[in-house]
Number of protein chains: 2
Amino acid sequence: MTGKKAAETRRTSIGAQRNPASQDAILQAAEEILVEGGLGSFSIEAVARRAHAGKPTIYRWWPTRTILLLDVYHRQKFVDIAPDTGAIETDIFQLLSDLLEFWNTGHGGAVFRSVIAEAQTDPAASKALAAYMAERYQQGGEIFRRAKARNEVADWVVPELAMEIITSFVWKRLLTDRLEIAPEQLRLVVRHLVHGLKAQ
Amino acid sequence: MTGKKAAETRRTSIGAQRNPASQDAILQAAEEILVEGGLGSFSIEAVARRAHAGKPTIYRWWPTRTILLLDVYHRQKFVDIAPDTGAIETDIFQLLSDLLEFWNTGHGGAVFRSVIAEAQTDPAASKALAAYMAERYQQGGEIFRRAKARNEVADWVVPELAMEIITSFVWKRLLTDRLEIAPEQLRLVVRHLVHGLKAQ
DNA sequence: ATATAACGAAACGAGCCGTTTCGTTCAAGT
DNA sequence: ACTTGAACGAAACGGCTCGTTTCGTTATAT
């Protein structure tokens, strides 16, 4: 009868300090809810239930739903934003391919979609997303800085802007649920981006 | 005293038929709420209050919040997706410029952002958005079909895919709240897209 | 040894959800 | 001319989630 309770080993306070076990359980439950049910199912209440945590515990450390969402997001492993294959076209192919795979196979896609959606409603999420993207463009621009040093790309190319352009396409695919792109198809996309649309 | 009521001219039934005045008031209130408060403030309850309409009236004609949102969206005036200036580069500049202005100055931006955000949660919105985008790519692809006839763009360019690529950039700007792009800056973006990133 | 803070559970009032009931207005059918 | 029936706005419903408060318990920090 009471053995059930013992097996479930209820978490409790470990004194006047934060309990890492609760923290982990909450973040993991939050991620699972996002992956399984999307942002629509994501609420403090739902996370508390799933994590067997008290709502006050969550509100103490994550004052808003958005902050909890962003914490889940920042705990993810991210792909290498600036692969170095030696050629600009294969660099871009590698980057987009890695992004698509990360979003498609892991939990990254569902979480990132949710962050973008949240940013359409919550200014705090919008601000955090903007800061994160600026940093990523800066890092990823390295691809183009290297290529310019090799005289492989035109000198008027702005690394950060080029980065934004090439990632825009996969963003749109993420948001419209069309992440599954065959390698030949992706190569064609990269060809459009690298060689431009105009006849030579 | 009672003159106040008379001035507010309460709407009522016009018999066993839909009341266009109520329909208009509801759709207008819905749009205003989206523009002023975003998707977070958008609820049937809020729309009913603002439109001085009964909730059953709304639920009768728009069974879900998503359907009402999509109706607001479809009532918008849309920009010409396939301008014909005679050259591919100016066509694209015109198109992106029109889109940015439409989103930035009117109500279109707030409404479209909301549709995209809703699509991250509601499959019905996702489906509707996908269908709409496919249609727009088809229409807008005309830019590239014309340019190919002029031998202005490479023959391996896929009109619908090229359309998706060039609109992806402004999508991302819309979703990250950076719609204000100076003409020179936009011209630079178009240059990246049209001439590609690689040195000739 | 005492004060302090975190923990999970439970319950709170407030507000929104989608539905139902009500009295009304008026077109459509007889 | 009369009846039927549908649409209208208002109000109230039960059910749910929200963010907060209260409670008894646990264990660190002083």
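Reminder, nothing fancy here: chain letters follow the sequence lines and each chain counts from 1. Here the structure is a predicted model, which means the values were calculated and not measured. We use all heavy atoms of the structure for the numbers below, so side chains are in, but hydrogens, waters and symmetry mates are not.
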Considering only [options], which nucleotide approaches the side chain of [X] most closely?
X     : options                : value
A/Q17 : C/dA9, C/dA27, D/dT28  : D/dT28
B/A16 : C/dT21, C/dT25, D/dG5  : D/dG5
B/N19 : C/dA5, D/dA6, D/dC8    : D/dC8
B/E45 : C/dA6, C/dC17, C/dG8   : C/dC17
A/S22 : C/dC7, C/dC17, D/dG19  : C/dC7
B/R18 : D/dC18, D/dC8, C/dC16  : D/dC8
B/W61 : D/dC8, C/dC17, D/dC18  : D/dC8
A/P56 : C/dC7, C/dA10, C/dC17  : C/dA10
A/A53 : C/dA5, C/dG8, D/dG5    : C/dG8
B/I44 : C/dG18, D/dT21, C/dT25 : C/dG18

Measure the distance from [atom1] on [X] to [atom2] on [N] and round it to the nearest whole Å.
X     : N      : atom1 : atom2 : answer
A/R60 : D/dT20 : CZ    : P     : 12 Å
B/D24 : D/dC8  : CG    : C1'   : 15 Å
B/Q23 : D/dG9  : CD    : P     : 12 Å
B/I67 : C/dG18 : CD1   : C1'   : 14 Å
A/R49 : D/dC18 : CZ    : C1'   : 12 Å
B/H52 : D/dA11 : NE2   : P     : 13 Å
A/R50 : C/dG8  : CZ    : P     : 17 Å

Using side-chain contact (heavy atoms from CB on, under 4.5 Å) as the criterion, list what pairs up with B/R60, not counting sequence neighbours.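 side-chain contact (heavy atoms from CB on, under 4.5 Å) list for B/R60, sorted by chain: B/T57.
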
May I ask you to evaluate whether [X] reaches the phosphate of [N], defined as a side-chain N or O under 4.0 Å from OP1 or OP2?
X     : N      : answer
B/T57 : D/dG9  : yes
A/R11 : C/dC7  : no
B/S13 : C/dA27 : no
B/S43 : C/dC17 : yes

Residue met sooner reading DNA chain D from 5', once B/I14 and A/Y59 are mapped to nucleotides: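 That would be B/I14.
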
N/O donor-acceptor pair, side chain B/K55 with base C/dG18, under 3.5 angstrom: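 Indeed, a donor on one side and an acceptor on the other fall under 3.5 Å apart.
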
Could you point out which residue of B/H192, B/R173, B/K172 forms a side-chain hydrogen bond (donor to acceptor under 3.5 Å, both in side chains) with A/E164?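 It is B/R173; the other options fail the test.
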
When you group the ILVMFWY residues by side-chain heavy-atom contacts below 4.5 Å and let the links chain together, are A/I14 and A/L27 in the same group?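 No, it is not one cluster - the side chains of A/L27 and A/I14 are not joined through contacts under 4.5 Å.
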
On DNA chain C, check which nucleotide each of B/T64 and B/G15 is closest to and give me the residue with the more 5' one.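 It is B/T64, whose closest nucleotide lies nearer the 5' terminus.
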
Could you label the plane-to-plane angle of the A/F112 and A/W171 rings as parallel, tilted or perpendicular, counting under 30° as parallel and over 60° as perpendicular?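 Perpendicular, since the angle between the ring planes exceeds 60°.
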
State plainly whether the residues A/R187 and A/E184 are in salt-bridge range, i.e. N to O under 4.0 Å.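 Looking at A/E184 together with A/R187, the answer is no, because their closest N to O distance does not fall below 4.0 Å.
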
Determine whether the aromatic ring centres of A/Y73 and A/F78 lie less than 6.0 Å apart.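 Under 6.0 Å, so yes.
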
